[in-house]
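Encoded as structure tokens, the structure appears first; notes follow it.
Throughout, a chain's letter reflects where its sequence line sits, starting with A, and its residues are numbered from 1. These numbers come from a predicted model, not from an experiment.
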Amino acid sequence: MGEIAPAAAPLDRTALAELRLRLAENLRARAGEPATGAPRELLVCAGGACISCHSLAVADELESALAASGRAGRVRVVRVGCMGLCEAGPLVVVSPDGVYYQKVDREGARRIVAEHLGAGQVVRELELAWDAPDGRRLAGREVPFFAQQVKIALRNCGVIDPAAIEEYVARDGYLALEKSLFELSADDVIADIKSSGLRGRGGAGFPSGMKWQFVREAPGDEKFVVCNGDEGDPGAFMDRSLLEGDPHSIIEGMAIAGRVTGASRGFVYVRAEYPLAIERLGNALAAARRAGLLGEDILGSGFGFDIEIRIGAGAFVCGEETALLRSIEGKRGTPQPRPPFPAQHGLWGKPTLINNVETWASVAPILLRGPKWFAAIGTGRSKGTKVFALAGAIRNTGLVEVPMGISLRTIVEEIGGGIPNGRSFKAAQSGGPSGGCIPAAAADVAIDYESLQELGSIMGSGGLIILDDRTCMVELARFFLEFLVEESCGKCPPCRIGTRVMLNLLERITKGEAVPADLDTLEALGRHIQHTSLCDLGQTAPNAVLSTLRHFRAEYDAHVLEGRCPAGQCKALLTYTIVAEACSGCALCAKACPSGGITGEIKHLHVIDQELCIHCGACLSVCPTDAVDAV
Amino acid sequence: MSGVAPARGGQGRDDRERAAIRTGGKETMVTLTIDGRVAKVREGATVLDAARAIGVRIPTLCQHEALEPWGGCRLCLVDVTKKEWSGWEKMVVSCMFPAEEGLAVSTASERVVATRKVVLDLLLARCPEAPLVQSLAREYGIERTSYQENPEPTDCVLCGLCTRVCDQIGVSAISTVNRGAGKEVAPPFHEAPPDCIGCLACAEICPTDCIPYETSDLGRTIWGRRFEMVRCPHCGRAHITKEQATFYAGRGGVPESYFLACDACKRKQMAKTFTSLAVAR
């Protein structure tokens, strides 16, 4: 296979169509779609998580093994974006065979080349496979983690090399932009987005088509298009993976919106903590400019559009759209009350269309495959798919895209592979710190914007943290609230002072110092903060507390009324004792005890003086024989 | 007080100009009700403007007519609804929400009062010794905060008036620093602010008088910076700082010498000139 010439010169529509055909079969094969004549390629996941497990070294090793076996020219190694199953990384896929290899190291790389490519034998020990309950062996794309997903926003992640614009083009890239420039009117595009039912994937779920229309209709000769990539939820990496794995899909979505709304400039706001996303997006922007897909007079249509990157300085509140816009302007990122909405009065006072990364990535497929196709996926008012970052107590941590309306049970048990270490599923925290907890009892509810809200949580941007039975829900609420207390911008009193007061109350509960009335104060104050705060940060800050109070009230009561932490996590409430049968008398605990509260002769049973115990848990963590009991 | 409030809203001048273009330069009036009373104001006015125009009092802390509305203190929250909203009400900040035709505003509904009480209760927890916060809280029946009192009491309510007026003047010598509970108003790096002109606007606009300063004919000190004064050549009064004179001269394109005389003496001088002209005629 020859070298693929990068698009160095501006393309016209004919050249673009040729480029689209050239690699189409390869790319179809990589995505697991029917294809003919696709060459053999080795796809290595170059997503953030796999890179941290040295996937780039694996890619280099594959290349040298290929060279050593004389296949260098015939089999190409492609560094693709995040494949999703981060838990099993580094991942390598042999295309078009569709064989997935997991946890591949350098030796594994050599074996894949020697055994799979050389001898035609799948390396069983490395193959990603799963034994189904009915005894069948499922491998590669058949494993439930992949089989249950529907990829729209992530369609190209893990399939294309994000640095190669021609690979994006081969996946019908920039075809939707062409359509919006030459075939559809601006109103047609808006009608399609509207009837697809697409809603904002950043969390609030506002109908995207309506937003587009507001900006289109807003008076003004200068307008802006903005991509919100300030993904700040701990444990969430949907936006990062998209920006790293398929930057052109965001560029294309924004360019289409520019054409439709009459904007000629766009901004992508990315956090500084995402250097790889910034680098790959920057390269993609440069490639799109070279190919004439950004800049003046795109494809001879007369329409001009360009995008700049703005890097955030690490404030969680800058994910709030009005704060984000101020930050782009170079001001301190503080939210502004709405109205006026950004659609009327956004960047520098001009009408501004702001959408989240995942929303932008969903635009092109809707225009290409039609709004009916998109609207057929999902539930009554929540259409299409949602990307979730699966984290916490779950076997398959990673990135998944599932149809709206899927149940939490399917996500946890099938896609996620269940809870590890023999523990049981207790709850899921959705929507990051601003979200709430969904109890295991609601695991069969069809997930969409409305049902999550009814459960006291939010869709949020898609963080999904799975909790097992060892999690203390009071401590969890305290943890998330502490994050928000620190991240509150401090503009309005309910958020600045109110969340601090709530945190004090929670700290008292986890220390066993609370009185029953504190729970009422917590609940009443939480409701007021929801209604009174200026922006979404404050309005959602009490969610973690209120949802756990609602679904796990007994756990709060145990802390307050009985001075007991049922999950055994709140150290101050635990009584530490040494089990006589298990103690080896090694005295490590006595050495570790900072209050000198453990006594005993070497090789004899040690005893904890409950008067001196400060509940730090040091003895528990050093005991080599697990003899320290904490209840 | 006239029933017409100035057309000034949260949308800034651009929108107002645009509204003027839309309406052919003519000002449109809108009619709304506030606590059952009818108010007629220019389009572009806020609900707070409309309430004040008809004498309905809504408490505020972060609002000042010299500055753009900010919506931060949450005291001016009111309930709004419209006939076509079929019973749905939403709570909005009246200092920024535009007065719209047919809007029905409740400034003292049960929900609004309960909310305002919580905000005041929280402010009192932060500023237990600030007389203004105490008296506002007392109006709503709160003598002591029901929450844990701030272990380090302050009188600063963080309304942002000081930093905003400093920005508005074009100086930006002080700003809010840090986030959340640790937020405060301060000069850069807590050092004497190099950009400060010692105009005292921040101290004078502060609703709780919590920005300390000293001023006399000998000099002025604020934010840890000492200023030399300009003394009026006629009456000898020290009326502005040298930095103020330089700043105003630079902004207004007027020679610095214009600011030597104090306003009172300049007026006297002007009156003398006019009188002599009249006599000469």
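- With respect to chain A, the highest number of heavy-atom pairs below 4.5 Å among B/Leu123, B/Leu75, B/Val92, B/Val93 belongs to B/Leu123.
- Interface remark: A/Ala524 contributes no atoms to any contact with chain B (heavy atom separation under 4.5 Å).
- For the atom pair CD of B/Glu68 and CD of A/Gln336, the computed distance is 9.5 Å after rounding to the nearest 0.5 Å.
- Looking at B/Arg179 and A/Glu486, no side-chain N of the basic residue comes within less than 4.0 Å of a carboxylate O on the acidic one, giving no salt bridge.
- Looking only at heavy-atom pairs under 4.5 Å with chain B, the residue among A/Val501, A/Thr521, A/Leu505 that has the most is A/Val501.
- Atom CG in B/Asn178 sits 12.5 Å away from atom SG in A/Cys489 (nearest 0.5 Å).
- Counting all heavy atoms, side chain and backbone alike, B/Val157 lies closest to A/Arg496 at O-NH2, 3.4 Å.
- When the candidates A/Leu525, A/Val485, A/Asn504 are compared by the number of heavy-atom contacts under 4.5 Å with chain B, A/Leu525 comes out ahead.
- To the nearest 0.5 Å, atom OH of residue B/Tyr147 and atom CE of residue A/Met502 are 10.0 Å apart.
- Using a 4.5 Å cut-off between heavy atoms, B/Ser146 does not touch chain A at all.
- Judged by distance alone, with hydrogens and angles left aside, the side-chain atoms of A/Lys491 form no donor-acceptor pair with the main-chain N or O of B/Gly71 at under 3.5 Å.
- Counting all heavy atoms, side chain and backbone alike, B/Met96 lies closest to A/Pro337 at SD-CG, 3.3 Å.
- Residues B/Pro98 and A/Pro339 have side chains in contact (heavy-atom distance under 4.5 Å, counting atoms from C-beta outward).
- Sparse packing is recorded around CZ of A/Phe479, with 12 or fewer heavy atoms of other residues, nucleotides or ligands lying under 6.0 Å away.
- With a 6.0 Å radius and a threshold of 12 heavy atoms from other residues, nucleotides or ligands, A/Arg550 has its CZ atom above the threshold.
- Closest heavy-atom contact between A/Gly498 and B/Leu122: CA-CD2, 3.7 Å.
- By the 6.0 Å contact criterion, CD on A/Gln453 is open, its count of non-hydrogen atoms from other residues, nucleotides or ligands being 12 or less.
- Residues A/Ile497 and B/Arg126 share a closest heavy-atom pair of CD1-CB, 3.8 Å.
- No more than 12 heavy atoms of other residues, nucleotides or ligands shown are found within 6.0 angstrom of CD on B/Glu110.
- Looking only at distances, a side-chain donor or acceptor of B/Arg74 sits under 3.5 Å from a matching main-chain atom of A/Ser533.
- The candidate with the highest count of non-hydrogen atom pairs below 4.5 Å against chain B, out of A/Arg500, A/Arg332, A/Arg527, is A/Arg332.
- Rounded to the nearest 0.5 angstrom, B/Trp70 CH2 and A/Thr334 OG1 are separated by 7.5 Å.
- When heavy atoms are compared at a cutoff of 4.5 Å, A/Thr499 does not approach chain B at all.
- Neither the backbone nor the side chain of B/Val112 has a heavy atom closer than 4.5 Å to any heavy atom of chain A.
- Using a 4.5 Å cut-off between heavy atoms, B/Asn150 does not touch chain A at all.
- For the atom pair A/Thr532 OG1 and B/Met91 CE, the distance stands at 5.0 Å (nearest 0.5 Å).
- Heavy atoms closer than 4.5 Å to chain B are found in the side chain of A/His528, but not in its backbone.
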